[in-house]
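Worksheet for the structure shown next.
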Amino acid sequence: MGIFCSPRYLAALGAWFALYAVLLIVSLTLIDHNVVTAMPLRVVVGLAPMIAGFGILGVIMREYRAGDELQQRITAEAIMFAFGATAVITFSYGFLQRTAGAPDLSYFWVWAILGSTWGIGSFIARRRYK
């Protein structure tokens with residue numbers, strides 16, 4: 001079984017994502033219904049889902065470290081591809097915003113691009129080492 005596929009990893013990741021979903025729903029509900037009005041507290045409540053984000057990061061890092069050298073190399077190459085491709089895509093879009101009036105986009109798109117290019121990079125790296 002490859003890296004990022006073990007049942008232990010998927011269970012831990014699932015638990016952290018479930019906590020993320022709960023914290024996100026609670027956070028958005030409190031803010032959208034103006035239960036939290038003081039700005040410093042709004043910031044804390046708004047960032048609360050990121051507690052689970054750090055848990056997700058920890059699970060991913062633990063799984064990466066548990067992989068063998070080949071799995072680590074494939075993952076590292078996929079992440080390097082994703083980093084570079086995301087930089088090229090986001091910089092290109094930034095230039096289009098400045099020169100051609102492309103609309104502003106949310107920073108949430110950066111993760112969508114990064115995740116997609118990581119998947120592409122993983123596919124390329126796995127094929128290279130087979």
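Along the sequence shown, the residues carry numbers beginning at 1.
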Problem - Within one Ile-Leu-Val-Met-Phe-Trp-Tyr cluster: Ile31 and Val35, side-chain cutoff 4.5 Å - result: yes

Exercise for the section: Report whether Val59 and Leu23 are members of the same hydrophobic cluster (ILVMFWY, side-chain heavy atoms less than 4.5 Å apart, transitive linking). Expected result: yes

Practice task
Among Ile, Leu, Val, Met, Phe, Trp and Tyr joined by side-chain contacts under 4.5 Å, find the other residues sharing a cluster with Leu105 and list them by chain and number.
Solution key: Tyr93, Trp109

Practice task
Considering non-hydrogen atoms only, spot the tightest contact between Gln97 and Pro103 and give its length.
Solution key: NE2-O, 3.2 Å

Problem - Distance, nearest 0.5 Å, that separates CD1 of Ile60 from CD of Glu63 - result: 10.0 Å

Completion exercise
d(Leu24 CG, Phe17 CZ) to nearest 0.5 Å is 11.5 Å

Exercise for the section: Please answer: with hydrophobic residues joined when any side-chain heavy atoms are less than 4.5 Å apart, are Leu28 and Val36 in the same cluster? Expected result: no

Exercise for the section: Tell me whether Leu10 is reachable from Trp16 by hopping between hydrophobic residues (I, L, V, M, F, W, Y) whose side-chain heavy atoms are closer than 4.5 Å. Expected result: yes

Practice task
Please report the closest heavy-atom contact between Gly121 and Ala78, naming both atoms and the distance.
Solution key: C-CB, 3.6 Å

Exercise for the section: Starting at CG of Leu70, measure out to CD1 of Ile74 and round the result to the nearest 0.5 Å. Expected result: 4.0 Å

Practice task
Answer yes or no: is there a side-chain heavy-atom contact under 4.5 Å between Asn34 and Arg42?
Solution key: yes

Exercise for the section: Just do the side-chain contact (heavy atoms from CB on, under 4.5 Å) check on Asp68 and Gln71 with the steps written out, would you? Expected result: CA-CA 5 Å; Asp68 64 27; Gln71 291 170 328; 3.2 Å; yes

Fill in the blank from the handout: Arg128 meets the salt bridge (charged side-chain N to carboxylate O under 4.0 Å, His left out) criterion, sequence neighbours left out, with Glu77

Exercise for the section: Flag yes if more than 12 heavy atoms outside Phe108 fall under 6.0 Å of its CZ atom; otherwise flag no. Expected result: no

Practice task
Could you tell me the separation between the OH atom of Tyr9 and the OH atom of Tyr64, rounded to the nearest 0.5 Å?
Solution key: 13.5 Å

Completion exercise
d(Thr75 OG1, Arg126 CZ) to nearest 0.5 Å is 7.5 Å

Problem - Rounded distance (nearest 0.5 Å) linking atom CZ of Phe81 with atom OG1 of Thr117 - result: 6.5 Å

Side-chain donor-acceptor contacts of residues 44-52 below 3.5 Å, not counting sequence neighbours, with atom names and distances?
none

Practice task
Flag yes if Ile120 and Ile113 sit in one hydrophobic cluster, no otherwise; membership is Ile, Leu, Val, Met, Phe, Trp, Tyr, and two members link when side-chain heavy atoms are under 4.5 Å apart.
Solution key: no

